[in-house]
There are 4 protein chains.
Amino acid sequence: MAQRFLPAERREQAKDDGRGLAMTFSALDSALLGPSFATAAMAELFSDRARLRQMLRVEAALALAEARYGLAPEGLAAAIEGITLDALDIAGLGQEAATAGVPVIPFVRAVQALLPPALEGDFHRGATSQDIADTALVLQMREALGLVQKDLVAILRGLETLATAHRDTPCAGRTFGQHAAPISFGYAVALWLSGIADIAAELPRRRDRVLVASLGGPVGTLAGLGEDGPRVLASFADALGLGTPLVPWHVLRARLVETGVWLATLIGALAKMATDVADLAATEVAEVAEPHGRGRGGSSAMPHKRNPLSAGIILAAQVAAKGHVATLLEAMAASHQRPVGLWHAELHALPPLFGLASGALREARRLAEGLVVVPGRMRDNLAATGGLIFAEAVASRLASRIGRRAAHDLIEHAADAARESGRPFRDILAEQESIPPDLLAAAFDLAPALTAAAAVVDHAVGQARSVLAALDPKDA
Amino acid sequence: MAQRFLPAERREQAKDDGRGLAMTFSALDSALLGPSFATAAMAELFSDRARLRQMLRVEAALALAEARYGLAPEGLAAAIEGITLDALDIAGLGQEAATAGVPVIPFVRAVQALLPPALEGDFHRGATSQDIADTALVLQMREALGLVQKDLVAILRGLETLATAHRDTPCAGRTFGQHAAPISFGYAVALWLSGIADIAAELPRRRDRVLVASLGGPVGTLAGLGEDGPRVLASFADALGLGTPLVPWHVLRARLVETGVWLATLIGALAKMATDVADLAATEVAEVAEPHGRGRGGSSAMPHKRNPLSAGIILAAQVAAKGHVATLLEAMAASHQRPVGLWHAELHALPPLFGLASGALREARRLAEGLVVVPGRMRDNLAATGGLIFAEAVASRLASRIGRRAAHDLIEHAADAARESGRPFRDILAEQESIPPDLLAAAFDLAPALTAAAAVVDHAVGQARSVLAALDPKDA
Amino acid sequence: MAQRFLPAERREQAKDDGRGLAMTFSALDSALLGPSFATAAMAELFSDRARLRQMLRVEAALALAEARYGLAPEGLAAAIEGITLDALDIAGLGQEAATAGVPVIPFVRAVQALLPPALEGDFHRGATSQDIADTALVLQMREALGLVQKDLVAILRGLETLATAHRDTPCAGRTFGQHAAPISFGYAVALWLSGIADIAAELPRRRDRVLVASLGGPVGTLAGLGEDGPRVLASFADALGLGTPLVPWHVLRARLVETGVWLATLIGALAKMATDVADLAATEVAEVAEPHGRGRGGSSAMPHKRNPLSAGIILAAQVAAKGHVATLLEAMAASHQRPVGLWHAELHALPPLFGLASGALREARRLAEGLVVVPGRMRDNLAATGGLIFAEAVASRLASRIGRRAAHDLIEHAADAARESGRPFRDILAEQESIPPDLLAAAFDLAPALTAAAAVVDHAVGQARSVLAALDPKDA
Amino acid sequence: MAQRFLPAERREQAKDDGRGLAMTFSALDSALLGPSFATAAMAELFSDRARLRQMLRVEAALALAEARYGLAPEGLAAAIEGITLDALDIAGLGQEAATAGVPVIPFVRAVQALLPPALEGDFHRGATSQDIADTALVLQMREALGLVQKDLVAILRGLETLATAHRDTPCAGRTFGQHAAPISFGYAVALWLSGIADIAAELPRRRDRVLVASLGGPVGTLAGLGEDGPRVLASFADALGLGTPLVPWHVLRARLVETGVWLATLIGALAKMATDVADLAATEVAEVAEPHGRGRGGSSAMPHKRNPLSAGIILAAQVAAKGHVATLLEAMAASHQRPVGLWHAELHALPPLFGLASGALREARRLAEGLVVVPGRMRDNLAATGGLIFAEAVASRLASRIGRRAAHDLIEHAADAARESGRPFRDILAEQESIPPDLLAAAFDLAPALTAAAAVVDHAVGQARSVLAALDPKDA
């Protein structure tokens, strides 16, 4: 029925989509590339059908709220709810939106055409396009944050298990890519866990701040609804399970920015893990491997390859996410009651952040739940430098005895000698008169490093459990 | 046939796309929003079908080049060319790509399955995934830059006409949003024209640098092709009409960055025009209006609105484009012979820049060819400040006579007096003994401003013509 | 004394700074440009002397905490506190830092040289460079956030007063730069107020999360301090009035990112106001002017100019801030126990955000406390379109009567007719049979718009008061 | 003398700078951190004194050009040239600039006060602030690009030598951090060399486009100079050795963007090398080390450390540079004849890019000229996987024989078996009937990989030589 809004060739084009003609400027939206970078579940939430479904839902909630105050006929909400998506010509709406400037305009027109004449006049009453579009976006975000939360819970659980399992697995601590001092692998995992838990802990607050309805009418004042305006707004928000805004947020976009930024920091926290995994999986290090599956991480030319694919997807998300944050921040400088261009720019930035996050979370979960750890290799690598990794432990013990600077210089020279001669560092140190044998033995003991590392693991696990309890009642 | 690569439910999902379930994280790719922000012609070039078509074309060119040196059977190229896109299950390839890490891997497998057993073994010989993906991208860019060029030619012609038509139409020059000194409207247009022409002039060089084939094999050395490697490469590039790289560019991404940046600066140059148009179309200024069409730039709530929609689309592109540039720049730090994540990140950034540019160019062309100019309003606005806009002309003439600083102070005080009293600025100045009447008459004469502005218009038109001659043989 | 670390020519160079040779790559740091963009108070907090002072303070707190557990001699903390900044050769330290890679290394060496030999060996015990640098940064941020808070309180108070004063001053609401529907100017201010208050409300939480000490030693485990590590850490944090981290944050940088992002969103909220001010101050609109002062906002060539300088400074901060956020986000992907390059990158990004915020806040305060408002001009502009601004009010009233679409079309045509004929919109509407006179009278009544706007003003004022009460005990 | 512009306390503040109170929001400008990140030579070019010196030079050139056409007295240029920087109170100018909005306004006033009354009135005639500031910036950039060029020449020469020296040194090629197929280390260096040469090749064009004078007066038309305007402009540009603009570029900022982007891509090309160096210097890989010097790359806690410090500085520059590019791009949307805020934003972005580039170039030169290469370790690492690195060579040879897919699967299984059993990959392959011994021998031969790699080295060296010839006449 709505088909009449479009000439025949456009409808043809719209139908073609299933055969690969869908627009795919973004890798997230490509049938070929998208499944690598985003989950199907998240993609569905941001599909055009989902958007339209939410827009209908928003209009129905508005009709319901207005009916309560005599501003709309009783049957309007039900009539809106009765409209099926198939009655709307999505491609046609898109073409008209390009003329009108926002998709809500042709949407309103198309819905009016589907409503009984007696109800049509009160449809969309008092609202402006942005009210419908923004509230629909909020509903999409509510579901999307639900998906994010589910993955976060799984990742935190997976990493908690991994950190606990390797709480006492010795491993080289590395700074600037160089062996620094011993840690446990569980400690390395605890840093991932704590970093992700720290972001996850903010999720409830982010939800509270952003899951707020928008209803302000043309200039935000809801003047068109008269004295009942504020009550209609509250009732509308209530019907959708959203917060009621104190002040219209047509041009106050900070909370959308916060949500986008939160996703970007989440991706950043996952990227810390991904960086480590990619590095530890390097051929020469080989302390971990990504979970293997048939055909996973291979190469078209190199059949022996096991590429750290999950790490790659996460890191690509990290690279791509930041630009979208800048776009959202720029859109804050919205002029007057509606800006030129800036609102539209948000549309380019916020959904992709959810898309990128969904793929990064999926891959992070894969790592958290299935990372292959090779403790033997960790031990080998620890030993490979002939004890240089204990240099700090010797130096710090020596400092109180001979002075910090003298200790630093002595160890630096011994390390140089070990590197140049190829002799074990410990042997060279043993020849130094100023270093008593028991100091040396204490410094080359892994136990203190492991004990200290274990304490951090325990803290991180505790932190994660408390975050899990807040995010997932089953963990309480 | 390729359908067998996918279980039934996935195929179902793939078919659903035509009904609005296509992934639409990016507004560019939404059936609802995309037509507002990108052109259908550009979208087609970056569709999955187009990508696959180019990948087949690249493989065919490789087979042809290898056959010439006895490295592939004669019939292979033709067999590849004979494969129709319908034989490839795009959604299935996408699912497999998510496992494999790059779409070229399942693509190669699917094509092998479609080739005769006798030819299959030499398919994709010596190449790596990135060779195929990058060269296909280059072919997409060649066509995309063709579209860009076509729009650029139209915009330059439109603005040349507009600048010439209003070469002598008086208008207020504005700095910091305030009236500054008189100009012509043609001069304002000449700045748009020159800014866009200056970017357009770089297009041939950008094409030359980026339209280069990629063929390096697993680590870029083409070692798998033996001594004929360099010859195969040259022949391959030749077959596609592309440049031959001196050095493999798997991890040398500067020229892709340049192309993306060029698009962003192009959008930036269009945004200069869009900013001015949005400002000049503001209700109180009203010196220009966007070309009007039925339903264009309206409001769902405000039937009287004529929103500067084209300007908005261009400005939204400007906001969104910059983040993609940052992504491309970040991807330059690609490690070794192929990085983890960075190459994938490029996929998120370069095609969207073409998408954003296509929409911005379409709207800029609409403005260049149809902007409504209201010279009467320009004259009214010039007069509205009671002559304050001539303040600089008085001050500069007065400076040589009474000193620069004294002149500046005198005029500043007179301007304050005019603002506060509401009396015409010129009358107040006429009372000043230090200002002779002929100086005042000369300063309040529009002619010198218009003459000077006209000279710039002529320069900009000359510049544009020379760029047009380079871009479009018809203008030569 | 520390002078001996540097050859004579370097000392010469360091002394030259006062004569304009100081490095000034950033406009924030230029003696010529800096005062325009940042406050002297904020600059002092981020000066090299302040940085070194905080580093000494951190080392003293560490010595104190360690002494408590017998890990450092009693007199060490006092000896560190006794060191004056003048004993440190800042330029020399900078030169050595360029060799060492971090300034803490030469700093530790220089302080050791200034300490009695008996104490020197226990200086900096168990700590790593990043502990000192990060904790010093946190102390700088604490003071800096104090300055931010002070300005925020002043801005909120100023805008509260302004919004209240103009609660009922009629004014045009504008969308896409076009007159949309009537509002009050107080309502426009209420949007600024609410936007800024909404960011300000997050400040306490941002403080809590970021004002946390760092003490982890070489790889974060504090292994060097043995079993007392966690207690020393708690005592150290306590001595500085900072939070104790659960887990070392050497490579967990999310909270720094959050702080930087918070500053950027704050600047964004100020930029919303600045955009409006710049627009409303445009010559043709002239509804507001920036507070005037002798020589403020002038032009070297145009003595009559009154440029919206404060708005410009805020908008420049908004443009420049976003890139720094991207830098901070990128630094989250820190590898292992310390990354290559990413930590250093943060140094380029976080202090400039404080600098930009300080200037933007100063200018926002100037606007909030001194904006010149011209109600008469607002009334004139409202009237200038012959009533078109009431179009929505007519259309929405008419919709229930004749259907939404018919109403929309009728008004759209009447608006076109008004624009083309130059006749008042109301007169044209009065000729329409379908519009009863009382409907027209009601629609052209400003009162409902003002009533609705006033309700929002009251909400925003309430919100601001509650935020003020949280930020400033005097408001409680 | 100019001191009178400032109250006493401000002068005090200004003098303090030498003791570390200079503003240091940017790490580039800190006496402590700056020397790590930027060179003193570049810092001097962007110091306030240098800026003022160039501004005086620009005004003198203007006076000279105007005198030629009778628009300024003969002695004015010489009088301007006679002014010494010490006569200008830089800190005072900065304070006044904060009031005026641009530093040129107080600068003009201060210079007028220093000129004889008879000359003062014609000073700065016809010019606007931006003309002076922009042209001075161009002069700074000319010198800065000279420094960049000098470092580029040294880097290209260093890398040419390094690539040639290791043209045949076997080494593992790596993709996704995993061993892929053999290359030579010279080939790895050739990629750095070619990437940097490719950017360097654009320098002459970037110079030509950006080294253009600005002289347009208040609104760009040079109307104040009457008919001689264009001639004065040409003469002015000529006197400074700069290009003459066709059209005023007050609001056409593309070429500044291009320059900033070029610096960012240059940093990106250096970052490719830095990433590789940091990775190859990792403890487990240890194929290269940064050139060592006393105290270089150490740790305050770990005396054995040799951190890849140069790589870290370059990578930090890469992280920080991209945000500045976004700022420059945003500033393109400059409204009318001068924007609010956008021009000021450029000041935050362009000089820091030169600063970041200077440090990155210095460190890159250090690497190019002094990288420690360990061929023995490269050989060991190549051998460490038991021949897996030859997998692709076997697979590609096998493909023509048994089909591409079968070959791929066979090798994949053999690689899995080698990894699981710990037996050498070659032994496992030797047991396969389908692989003839001579095929195996050929595939495990390093020679073809080295030959192919050497050809690329030669190409890159040729490319670099041709770029060097263009940049440095001595190489021609």
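Convention: sequence-line order gives letters A, B, ...; per-chain numbering from 1.
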Heavy-atom proximity to chain A below 4.5 Å, by part of Pro230(C): neither
Under 4.5 Å from a heavy atom of chain A, the part of Arg401(C) involved: neither
Gap between atom CZ of Phe176(A) and atom NE2 of His344(C) - 0.5 Å precision: 5.5 Å
Part of Ala460(A) within contact of chain C (heavy atom distance under 4.5 Å): both
Minimum-distance pair of heavy atoms, taken over all atoms of Leu246(C) and His459(A): O-ND1, 3.2 Å
Max heavy-atom pair count under 4.5 Å with chain C, selected residue of Ala223(A), Ser184(A), Gly462(A), Ala407(A): Ala223(A)
Proximity breakdown for Glu258(C) and chain A, heavy-atom pairs closer than 4.5 Å: side chain
Residue selection (most heavy-atom pairs with chain C, distance under 4.5 Å) from Gly226(A), Ala72(A), Ala334(A), Ala453(A): Ala334(A)
Between NZ on residue Lys272(C) and CZ on residue Arg253(A), distance to nearest 0.5 Å: 11.0 Å
Residue pair Ser194(C) / Leu252(A), side-chain heavy-atom distance below 4.5 Å: yes
Residue part contacting chain A, namely of Thr265(C), when any heavy atom lies under 4.5 Å: both
Selection from Phe123(A), Trp249(A), Trp262(A), Tyr187(A) maximising heavy-atom pairs under 4.5 Å formed with chain C: Tyr187(A)
Among the listed options Ala274(A), Gly323(A), Pro248(A), the residue most often paired with chain C at heavy-atom distances under 4.5 Å: Pro248(A)
Which portion of Ser335(A) sits near chain C, non-hydrogen atoms under 4.5 angstrom: both
Spacing of Asp276(A) atom CG and Gln337(C) atom CD [to the nearest 0.5 Å]: 7.0 Å
Chain C contact via Val456(A) - side chain, backbone, both or neither, heavy atoms under 4.5 Å: both
Most chain A-contacting option - heavy-atom pairs closer than 4.5 Å, from Gly220(C), Ala449(C), Ala393(C), Ala406(C): Gly220(C)
Side-chain heavy-atom pair Arg205(A), Glu202(C) within 4.5 angstrom cut-off: yes
Largest heavy-atom contact set with chain C, pairs under 4.5 Å, which of Leu450(A), Leu329(A), Thr275(A), Thr451(A): Leu329(A)
Within-4.5 Å side-chain heavy-atom neighbours: His336(C) and Leu280(A): yes
Check ion pair Asp122(A)-Arg404(C) (N to O, under 4.0 angstrom): no
Arg209(A) side chain near Asp198(C) side chain, heavy-atom distance below 4.5 Å: yes
Contact winner vs chain A - Arg255(C), Arg125(C), Arg397(C), Glu227(C), heavy-atom pairs under 4.5 Å: Arg255(C)
Separation of Ser396(A) OG from His124(C) NE2 (nearest 0.5 Å): 11.0 Å
Toward chain A, the part of Val325(C) with a non-hydrogen atom under 4.5 Å: side chain
Heavy-atom side-chain contact between Pro218(A) and Thr175(C) under 4.5 Å: no
Euclidean distance, Met332(A) CE relative to Ile267(C) CD1, rounded to 0.5 Å: 10.0 Å
Heavy-atom check, side chain of His408(A) versus side chain of Arg109(C), under 4.5 Å: yes
Option in Ala331(C), Gly224(C), Pro339(C), Ala254(C) with maximal non-hydrogen atom pairs under 4.5 Å from chain A: Pro339(C)
Segment of Glu120(C) engaging chain A (4.5 angstrom heavy-atom cut-off): both
Gap separating the OG1 atom of Thr221(A) from the CD1 atom of Ile183(C), nearest 0.5 angstrom: 8.0 Å
Most contacts with chain C, counted as non-hydrogen pairs under 4.5 angstrom, among Val261(A), Leu191(A), Leu222(A): Leu191(A)
Part of Ala264(C) within contact of chain A (heavy atom distance under 4.5 Å): both
Chain A contacts, top residue of Val251(C), Ile199(C), Val257(C) (heavy-atom pairs, under 4.5 Å): Val251(C)
Chain A contact via Ala455(C) - which portion, at a heavy-atom distance below 4.5 Å: neither
Glu330(C) versus chain A, the contacting section by heavy-atom distance below 4.5 Å: both
Side chain / backbone / both / neither for Gln318(A) at chain C, heavy atoms under 4.5 Å: side chain
Nearest atoms (heavy-atom pairs only) where Gly177(A) meets Val340(C): N-CG2, 4.1 Å
Leading residue by heavy atom contact count with chain A [cutoff under 4.5 Å; candidates Ala321(C), Ala271(C), Ala172(C)]: Ala271(C)
